[in-house]
Protein chains: 2
Amino acid sequence: MVQKNKKPPTAAKLGAPVAPKRRGRPRAYEPDVALGKALDLFRRDGFAATSLDDLSAATGMNRPSLYGAFGDKRELYIKSYQRYRDDARAAMVDIFRADAPLRERLERIYRIALDIYLSGESGPRGCFTVMTAASEAVSDPDIRTMVLAGLTELDKAFGICFRDARERGELPEGADPAALAHLASATIHTIAIRARARVPRNELEAIVKGAIDVMCKAK
Amino acid sequence: MVQKNKKPPTAAKLGAPVAPKRRGRPRAYEPDVALGKALDLFRRDGFAATSLDDLSAATGMNRPSLYGAFGDKRELYIKSYQRYRDDARAAMVDIFRADAPLRERLERIYRIALDIYLSGESGPRGCFTVMTAASEAVSDPDIRTMVLAGLTELDKAFGICFRDARERGELPEGADPAALAHLASATIHTIAIRARARVPRNELEAIVKGAIDVMCKAK
DNA sequence: ATTTTTTTGTACCATTTCGCATTTAATTCC
DNA sequence: GGAATTAAATGCGAAATGGTACAAAAAAAT
């Protein structure tokens, strides 16, 4: 594989997204939006059911361009999954870090999660990790590693929330932050699955509310 | 489609599995075990990644026989899923009906679930519903119906457990059986996903234990 | 023994799939 | 303007895929 992204050393001054004056024919696509389209497809249909033709059509890139830009199908899948995780993390990290009461933090996290899982014109899209990556995880060690990282990252983020809350007295002394974090993650997982089965948003919200009530009163 | 299973009226006396003296060439396979093999494949690889050749090899039936016995690939997938649900239900129904303390019932249910999810020689197999059926559910209404039925069935079974427990005083009056049932289902879902990522059994058991602790003390 | 019925086994077909080789187009550097 | 560089576009090819037609085989019925 040839080194591609050697950015011209002159342009390294300001982080401005100024045109780097590349040398050959300009690309007819924007890698970021193309990757987004690929992500949508993989998320809806999974790895095996998404063909390169589908990806080509959705991104507007023909197959060789796809190949040149992202590598083979598996690499594209992995990059898509990476992108998904980055987006999801970006959407949640502020809330996890926010200095707000436990209940409010949970409510906001789940609202974001529902937004992610329920969006999509051709039906709710669910969660990439739960829907397709976990399936590939049995046979593909790299994907498995990413899935595991995602799962523990979520557990940890929730764990910090509950630990904070206990320290502030929002939870009883005997509360077990790790166990509650696992339950919070489990609630994420269950709504991802149910969303995929087209359970309507209000029902999912009811499930979330019930879960929050239990978790916030936990002794 | 031609009516196939008209059993000879004479043999209808005893439910004995006596040879029904069918007319033509005898089958070289047993439909039940063949369906079991197909189920294993679909569960491991999903719908799209499982080819008819794979199914043919695993069942020992050649493709035309497969087709004749179970219909096309989608029908075989649905029959496999049906079989999975029947097996899972059979494995749990006694425990759900048992007249035992809440904690014990939960422990037994989760032990069975872990057995189901973690078995399999080529890695843990996870849950058919969570791993592959939920993915197909967006685009296939029949599968979606089955998935929804499975989800609500589990919710209801857990719901009865918690209602019983509250009536017996094992739970505080204020406990919300429906919310707890959703959490119990969520715990099933989260261990199914984690199992697929090869989280070892003892970690899954720890997660289950923490969840049970919270659910059994819920106020 | 012959016919009938049911299943197996072989072979085939049209399509799709992934990947790549080659040519053509657009742009910068000299 | 011409060489160099980068990407797009076309299209090929080998393999795999879902499905089926058709003949051979094995059993019961006559």
Side-chain angles (χ1 to χ4, degrees), chain A residues 1-11 18-35 38 41-42 45-80 136 140, chain B residues 1-11 18-35 38 41-42 45-80 136 140:
Chain A
M1 190 59 69
V2 179
Q3 181 72 7
K4 288 233 179 97
N5 289 9
K6 53 170 175 183
K7 46 181 159 186
T10 65
V18 73
K21 275 296 192 201
R22 300 173 55 95
R23 195 132 138 62
R25 174 172 178 169
R27 280 195 281 241
Y29 59 91
E30 273 195 276
D32 273 0
V33 321
L35 190 57
L41 276 199
F42 276 131
D45 299 332
F47 178 78
T50 304
S51 73
L52 286 188
D53 278 340
D54 296 336
L55 292 163
S56 178
T59 57
M61 305 164 64
N62 39 36
R63 277 208 301 284
S65 294
L66 259 183
Y67 204 84
F70 303 111
D72 70 3
K73 192 181 172 185
R74 178 172 168 279
E75 284 182 79
L76 178 52
Y77 179 84
I78 290 181
K79 291 196 170 89
S80 298
E136 309 297 327
D140 191 314
Chain B
M1 191 58 72
V2 179
Q3 179 74 8
K4 287 233 178 99
N5 289 9
K6 54 169 177 184
K7 49 182 157 186
T10 65
V18 72
K21 275 298 191 197
R22 300 174 54 96
R23 200 141 136 61
R25 175 171 176 168
R27 280 195 280 240
Y29 59 91
E30 273 195 278
D32 274 0
V33 321
L35 190 57
L41 276 199
F42 277 131
D45 299 331
F47 178 78
T50 303
S51 73
L52 285 189
D53 278 341
D54 296 337
L55 292 163
S56 180
T59 58
M61 303 162 65
N62 39 35
R63 279 212 299 281
S65 293
L66 258 182
Y67 204 85
F70 302 111
D72 70 4
K73 192 181 172 186
R74 178 171 168 277
E75 284 182 79
L76 177 52
Y77 179 85
I78 290 182
K79 289 195 171 88
S80 298
E136 309 299 326
D140 191 314

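By convention in this document, chain letters (A, B, ...) are assigned in the order of the sequence lines, proteins followed by strands, and residues within each chain are numbered from 1.
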What integer distance in Å separates [X]:[atom1] from [N]:[atom2]?
X     : N      : atom1 : atom2 : result
B:R74 : D:dG19 : CZ    : P     : 11 Å
A:D72 : D:dA15 : CG    : P     : 19 Å
A:K73 : C:dG19 : NZ    : P     : 8 Å
B:L76 : D:dG18 : CG    : P     : 11 Å
B:L66 : D:dT20 : CG    : P     : 13 Å
B:R63 : C:dT10 : CZ    : P     : 13 Å

For residues 47-56 of chain B, run the donor-acceptor check on the side chains, cut-off 3.5 Å, and write out each pair with its distance to 0.1 Å, sequence neighbours left out.
residue : atom : partner : partner atom : Å
B:T50   : OG1  : B:G46   : O            : 2.6
B:S51   : OG   : B:D53   : N            : 3.4
B:S51   : OG   : B:D54   : N            : 3.0
B:S51   : OG   : B:D54   : OD1          : 3.4
B:S51   : OG   : B:D54   : OD2          : 3.1
B:D53   : OD1  : B:R63   : NH1          : 2.4
B:D54   : OD2  : B:S51   : N            : 3.2
B:S56   : OG   : B:M61   : O            : 2.5

### Task
To the nearest 0.5 angstrom, please state how far the CG atom of A:L35 sits from the CG atom of A:L76.
6.5 Å
## Note on the structure
Assign each of B:Y29 and A:A49 the nucleotide of DNA chain C bearing its closest heavy atom; nearer the 5' end lies the nucleotide of B:Y29
### Query
Listed by chain and number, what are the side chain to side chain donor-acceptor pair (under 3.5 Å) partners of B:D45, not counting sequence neighbours?
none
### Query
Does anything in residues 55-74 of chain B pair up under ring-ring contact (aromatic ring centres under 6.0 Å, His included), and if so which pairs, sequence neighbours excluded?
none
### C:dT7 OP1/OP2 closer than 4.0 Å to side-chain N/O of B:S65
no
### Query
Do any side-chain nitrogens or oxygens of A:Y67 fall under 4.0 Å of OP1 or OP2 in C:dC18?
no
### Task
Compare every heavy atom of A:Y29 with every heavy atom of A:A34, then report the nearest pair and how far apart it is.
CB-CD1, 4.5 Å
### Query
Is any side-chain heavy atom of A:E75 closer than 4.5 Å to a side-chain heavy atom of A:I78?
no
#### Entry: Residue-level proximity of residues 50-62 of chain A to DNA chain C when a heavy atom falls under 4.0 Å
A:T50, A:S51, A:L52
### Query
Residues in side chain to side chain contact (heavy atoms under 4.5 Å, CB included) with B:R23, at least two apart?
none
### Summary
5' to 3', nucleotides 22-30 of chain C under a 4.0 Å protein heavy-atom cut-off (B base, S sugar-phosphate only, - none) gives ---BBBBS-
